[in-house]
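Numbers here are sequence positions counted from 1.
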Amino acid sequence: MKFGIIRERKNPPDRRVVLSPKACQKVLKTYPQAEIIVEPSPIRAYDDDSYKQAGMVVADKMDECDVLLGVKEVPIEALIPNKKYFFFSHTIKKQPYNRNLLRAVLDKNIELYDHEVITNTKEQRLVAFGRYAGIVGAYNGFRAYGLKYGLYELPKANDLPDQAALISELKKIKLPNIKVLLTGRGRVGNGAREMLDGMEMRRVNVTEYLEEDFNEPVYCQIDAGEYNKRKDGVRGNKADFFAHPEEYKSNFFRFAKVSDLYIAGHFYGQGAPYLYTREDAKHPDFKIKVVADISCDIDGPVASTIKPSTIADPIYGYDPETEEETDYKKESAIAVMAVDNLPCELPRDASEGFGEAFIKNVIPAFFNNDKDGVLQRARMTRHGQLTKRYSYLEDYVS
């Protein structure tokens, strides 16, 4: 089995990689029958020499490989026919901007495996960058807070080497006695929590957060059960909420009345209530003035997120009255950080974490006859057709 690490060609450039030099060594040590060729790249977080020093072949020989591993979408003109490809295709939700990419995959008889649908038998994702989105998103939230109020200036996450350096910077800042709200307890939410704990911010429970005042900054981490409630007044729970989101309404406003900085790390499902609406943001009791929206659903559950922002220009202002973009430093504005590719700012950490999961959960499937069905579940196309599991995309590509 010959694996190729492809060069990322999407713009803006993405420096992440599925397998770091160390990860490649681990694959070859565990599976002597495997081979890895690395396509040269001028932008990768690990340069070509790092792979050569690790004993890898670095060459323009992707056409010799059986399986090609990438992170972001491969431009149509760069797709090699009749290969197996792994990358985030951003097509499983029928995203209109990638319709032609999936068509090209079918035309070129490519077997496409999307990282987003690599799951176990319980349908839980096995490889993801979510933790790193949470780590960088939380850091960027505090950076936005300092810039909005002119309190301090943190360097961009992009200019720092790793998570430890981010935490070190956060420990240097002096925050007023603010309340920080964090939604979500999945990979993203818990990644953000690592940062809050790393900077030694005190954590409080929901009752304390809503009812008490503190003489130090504090944070509270909540999940769907705490910011939603059943419309009929019956006591709900998280499982019931995910099964019947339409039966619920938002209970978020009580948090909005006491929070200064909001870090959105939740998963938002179709049909669920919005956390706060544009009308909510107009209310005189709405206190949130800085939002780090890691989830980044545009015109969705976090009403102030009206567009994604970029690593180059990460913060914009939302004017609750006009519902339009404004200068984020204006007193009435909500400062919004909604970068939609946050893990790119920590490419080495993100690549190492992703690679560990890929080696543990995906690579064995190539050598054990896919006994757990990992490849079968993630295979979107085969023999120029959509596989049965993804046949719902038929109208999207036709």
Side-chain angles (χ1 to χ4, degrees), residues 93 122-125 130 134 137-138 141 177-193 196-197 201-214 217-306 318 320-321 323 334 336 338:
K93 294 177 188 167
K122 294 178 182 169
E123 302 289 341
Q124 294 161 323
R125 283 184 66 180
N177 304 338
I178 60 171
K179 286 185 176 179
V180 179
L181 183 69
L182 168 61
T183 48
R185 292 184 198 274
R187 283 189 180 93
V188 176
N190 289 337
R193 182 180 161 186
L196 297 163
D197 291 343
M201 185 177 285
R202 180 177 163 193
R203 185 180 182 211
V204 296
N205 65 36
V206 170
T207 306
E208 291 168 328
Y209 187 85
L210 292 173
E211 296 175 7
E212 294 178 27
D213 292 320
F214 299 90
V218 298
Y219 84 92
C220 182
Q221 184 180 21
I222 61 172
D223 212 350
E226 283 125 347
Y227 59 80
N228 291 294
K229 62 180 180 181
R230 282 188 63 94
K231 292 173 182 174
D232 58 13
V234 173
R235 188 179 172 84
N237 59 48
K238 195 174 167 182
D240 181 57
F241 169 72
F242 284 119
H244 307 286
E246 71 287 348
E247 306 281 337
Y248 284 74
K249 62 181 179 179
S250 174
N251 194 22
F252 183 86
F253 197 79
R254 58 192 182 135
F255 294 99
K257 290 200 289 193
V258 298
S259 300
D260 302 282
L261 165 58
Y262 168 39
I263 302 169
H266 56 270
F267 168 77
Y268 178 71
Q270 213 55 45
Y274 284 3
L275 280 84
Y276 65 85
T277 63
R278 294 184 177 196
E279 289 310 306
D280 290 334
K282 288 182 171 74
H283 196 285
D285 291 344
F286 189 90
K287 194 185 180 200
I288 298 167
K289 280 288 182 252
V290 179
V291 176
D293 190 354
I294 305 167
S295 301
C296 196
D297 293 299
I298 309 307
D299 286 327
V302 177
S304 46
T305 303
I306 52 175
Y318 172 77
E321 289 309 314
E323 302 181 4
I334 298 172
V336 180

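In this structure the side chain of Arg230 never reaches within 4.5 angstrom of the side chain of Arg235, judged on heavy atoms. Within the 4.5 Å cutoff, no side-chain heavy atoms of Asp297 are placed close to those of Val302. In this structure, Thr183 and Phe252 have side chains that are in contact, with non-hydrogen atoms separated by less than 4.5 Å. Annotation: side chain of Ile306 is in contact with side chain of Arg278 (closest heavy-atom distance under 4.5 Å). Annotation: side chain of Pro273 is in contact with side chain of Asn228 (closest heavy-atom distance under 4.5 Å). The shortest distance between side-chain heavy atoms of Val291 and Tyr318 does not fall below 4.5 Å. Contact annotation: the side chain of Pro301 approaches that of His266 to within less than 4.5 Å [non-hydrogen atoms, C-beta and beyond]. Counting heavy atoms from C-beta outward, Arg203 and Arg193 have side chains that approach closer than 4.5 Å.
Defined by atom type and a distance below 3.5 Å, a donor-acceptor pair is present between the side-chain atoms of Asp197 and Tyr219. Ser259 and Tyr209 share a side-chain donor-acceptor pair at under 3.5 Å.
Below 30°, between 30° and 60°, or above 60°: for Phe253 and His283 the angle between ring planes is above 60°, a perpendicular geometry.
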**OP:** Show your reasoning for whether salt bridge (charged side-chain N to carboxylate O under 4.0 Å, His left out) applies to Lys231 and Glu246.
**Re:** CA-CA 9 Å; Lys231 292 173 182 174; Glu246 71 287 348; over 6 Å; no
Original post:
When you look at Val290 and Ile334, which way does the side chain to side chain contact (heavy atoms under 4.5 Å, CB included) test go after all the steps?
Top reply: CA-CA 5 Å; Val290 179; Ile334 298 172; over 6 Å; no
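Taking 4.0 Å as the cut-off between side-chain N and carboxylate O, Lys287 and Asp260 count as a salt-bridged pair.
Phe286 CZ: more than 12 foreign heavy atoms inside a 6.0 Å radius.
The CZ atom of Phe267 sits 12.0 Å away from the CG atom of Asp223 when rounded to the nearest 0.5 Å. One finds the CG atom of Leu210 at 9.0 Å from the CG atom of Asn205 (value rounded to the nearest 0.5 Å). Atoms CG and CD1, from Leu196 and Ile263 in turn, are 5.0 Å apart once rounded to the nearest 0.5 Å. The distance from the CG atom of Leu261 to the NZ atom of Lys179 is 13.5 Å, given to the nearest 0.5 Å. Distance check: Phe214 CZ to Asn177 CG gives 10.5 Å after rounding to the nearest 0.5 Å.
For Tyr227 and Phe255, the gap between ring centers reaches or exceeds 6.0 Å.
Closest heavy-atom contact between Asp293 and Ala264: OD1-CB, 3.5 Å.
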